[in-house]
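Data block below; observations after.
Throughout, a chain's letter reflects where its sequence line sits, starting with A, and its residues are numbered from 1.
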2 protein chains.
Amino acid sequence: MNYENLLREHGLKVTPQRLGILSLMDQKGHISVDELYLNIKDQFTSISLATMYKNVNSMMASSVITEVKIPKQKSRFEIAKEAHGHLLCQECGEFMDIELDLEKIVDDVSIKSKYKLVETSLVLSGICPLCQHSSASPVSIFPVAHSHI
Amino acid sequence: MNYENLLREHGLKVTPQRLGILSLMDQKGHISVDELYLNIKDQFTSISLATMYKNVNSMMASSVITEVKIPKQKSRFEIAKEAHGHLLCQECGEFMDIELDLEKIVDDVSIKSKYKLVETSLVLSGICPLCQHSSASPVSIFPVAHSHI
DNA sequence: TCTTAAAAGAAAATAATTATCCTTTAAGTA
DNA sequence: TACTTAAAGGATAATTATTTTCTTTTAAGA
């Protein structure tokens, strides 16, 4: 995907900092503000934390990115895309998208509540297969631990 | 429900402050920490904000209460109960529980991902029937606006 | 009652986020 | 290509949110 166009289409100026942020999100899938800041300082040694927040906010306001709020964790941000859910391993922190078919539930709730629904946020949490077997392993100190898919 | 027993069952001391917090949550259904603090100061004029946080944290840790993270809003807390979803009106802020049948989705995700799922968090957001009709109404300044159920 | 570990309260410390102000730059226009 | 300007960046201060520390009070069990 071309992030320059993505930004332009949403009426935002194309800056190296924004491209860097989007590129990081693309690589990592989901990333918190501070992870973002830590990682981006390699490329933009003088980038300000204020710039990070300003960009995250402006890109959220124009729907280029989306915030995912996660129980007991800090929010992560992802490039906006069609509705989907998330799956979290409470043990190792693995976090991934899942395809969803919420249509039936959404329709049902729409009818009963008469709400016009525009947004869904679903996070399922549990223990991933690897952590189920590595029995006595305590909760990881590290926010993103082993990768195993 | 008897909150004294609820606290005892979870190994927490019964204090007037905790009972006040639980009673407020019971009345309001869902409430943020600062709303909680504002409201509780009437009864406990000298209650400390630190006490609020400490109690919210201890009652969360022992699963007496649950945090609900909501897109673009501050978290609200509720007395823990069986799994359910939430419905938010983005216009007036109305916020309510909804019954859910996520079983099919949860089973499906469990099988595909091999995760052992233990927690679900679903928030549906949209426009409530009243706000749909009061056409040009802008987003309310007030966190909890008209009540209409 | 007496004992004690947990909780409350006050204040300070930390963390997270936003605002301010001045400089720089992207992007449209001459 | 240079000029103009509104938007964005960077540094820092200010706010806001949350946690920690330390001392006093209190719930709950002996």
Side-chain angles (χ1 to χ4, degrees), chain A residues 2-24 31-65 67-77 143, chain B residues 2-24 31-65 67-77 143:
Chain A
N2 182 334
Y3 295 126
E4 303 203 8
N5 290 341
L6 182 65
L7 288 169
R8 288 209 182 86
E9 282 162 15
H10 287 83
L12 293 176
K13 279 192 180 179
V14 176
T15 69
Q17 291 86 346
R18 282 179 181 162
L19 293 175
I21 289 172
L22 291 174
S23 152
L24 257 177
I31 189 167
S32 64
V33 172
D34 52 340
E35 285 168 342
L36 210 43
Y37 183 59
L38 276 176
N39 280 281
I40 212 159
K41 279 201 295 189
D42 297 339
Q43 307 168 54
F44 301 90
T45 46
S46 77
I47 199 172
S48 164
L49 189 51
T51 297
M52 298 301 304
Y53 277 102
K54 284 187 227 170
N55 278 328
V56 164
N57 287 335
S58 60
M59 292 195 287
M60 285 237 284
S62 50
S63 301
V64 171
I65 66 175
E67 178 174 10
V68 187
K69 291 198 169 186
I70 309 167
K72 300 181 190 77
Q73 304 231 342
K74 48 183 80 165
S75 290
R76 302 189 196 182
F77 296 84
Chain B
N2 182 333
Y3 295 126
E4 302 203 10
N5 289 342
L6 181 65
L7 289 168
R8 287 207 182 87
E9 282 162 16
H10 287 83
L12 293 176
K13 279 193 180 178
V14 176
T15 69
Q17 291 85 347
R18 282 180 181 160
L19 293 175
I21 290 172
L22 290 175
S23 153
L24 258 177
I31 189 167
S32 64
V33 172
D34 50 341
E35 284 168 343
L36 210 43
Y37 183 59
L38 276 176
N39 280 282
I40 212 159
K41 279 201 295 188
D42 297 340
Q43 306 168 56
F44 302 89
T45 46
S46 76
I47 198 172
S48 164
L49 190 51
T51 298
M52 297 301 305
Y53 278 103
K54 284 188 228 169
N55 277 329
V56 165
N57 287 335
S58 60
M59 291 196 287
M60 284 236 286
S62 50
S63 302
V64 171
I65 66 175
E67 178 174 10
V68 187
K69 291 197 169 185
I70 310 167
K72 300 179 189 81
Q73 304 232 341
K74 49 184 79 165
S75 290
R76 303 188 196 184
F77 297 84

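- Boundaries of the chain B contact region on DNA chain D are dA17(D) to dA28(D), first to last in 5' to 3' order (nucleotide atom under 4.0 Å from a heavy atom).
- Rounded to the nearest 0.5 Å, atoms CD (E67(B)) and NZ (K74(B)) are 13.0 Å apart.
- Using a 4.0 Å heavy-atom cutoff across all strands shown, V14(A) reaches sugar-phosphate atoms only and no base atom.
- Comparing the local axis fitted to the first five base pairs of the helix from dT1(C)-dA30(D) to dA30(C)-dT1(D) with the one fitted to its last five gives a bend of 40°, rounded to 10°.
- Side-chain contact between D34(B) and L49(B) is absent, with no heavy atoms from C-beta onward closer than 4.5 Å.
- Of all the heavy atoms in L24(A) and N39(A), the pair that sits closest is CD1-CB, 3.6 Å.
- Of all non-hydrogen atoms in M52(A) and Y37(A), the two that sit nearest each other are CG-CD1, 3.5 Å.
- Note that CD1 of I21(A) and CD1 of I47(A) are 5.5 Å apart. Values are rounded to the nearest 0.5 Å.
- Taking all atoms of both residues into account, the shortest heavy-atom contact from L12(B) to S62(B) is CD1-OG, 3.1 Å.
- Rounded to an integer number of Å, the gap from L22(B) CG to dA7(C) P is 13 Å.
- Taking only side-chain nitrogens and oxygens, T51(B) comes nearer than 4.0 Å to OP1 or OP2 of dG9(C).
- Between L6(A) and H10(A) there is a side-chain heavy-atom pair separated by less than 4.5 Å.
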Do any N or O atoms of the protein come closer than 3.5 Å to N or O atoms of nucleotides 18-23 of chain C, and which pairs are they?
{"unit_1": "dT18(C)", "atom_1": "OP2", "unit_2": "N57(A)", "atom_2": "ND2", "d": "3.1"}

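- Note: NZ (K13(B)) to C1' (dA6(C)) measures 4 Å, nearest angstrom.
- N55(B) comes within 4.0 angstrom of the backbone, heavy atoms only, and of no base.
- Dashed line: the shortest gap from a side-chain N or O of Q17(A) to OP1 or OP2 of dT25(C) is not under 4.0 Å.
- Of the two residues contacting DNA chain D, namely D34(B) and P16(B), the nearest-nucleotide position lying further toward the 5' end is that of D34(B).
- Looking only at distances, no side-chain donor or acceptor of K69(A) sits under 3.5 Å from a matching main-chain atom of P71(B).
- Checking side-chain atoms of R18(A) against main-chain N and O of K13(A) turns up a donor-acceptor pair under 3.5 Å.
- Side-chain atoms of V56(B) and F77(B), non-hydrogen and from C-beta on, do get closer than 4.5 Å to each other.
- The closest side-chain heavy-atom distance from N55(A) to T51(A) is below 4.5 Å.
- Rounded to an integer number of Å, the gap from NE2 of H10(A) to C1' of dA27(C) is 19 Å.
- Contact annotation: T15(B) side-chain N/O to dA8(C) OP1/OP2 distance is under 4.0 Å.
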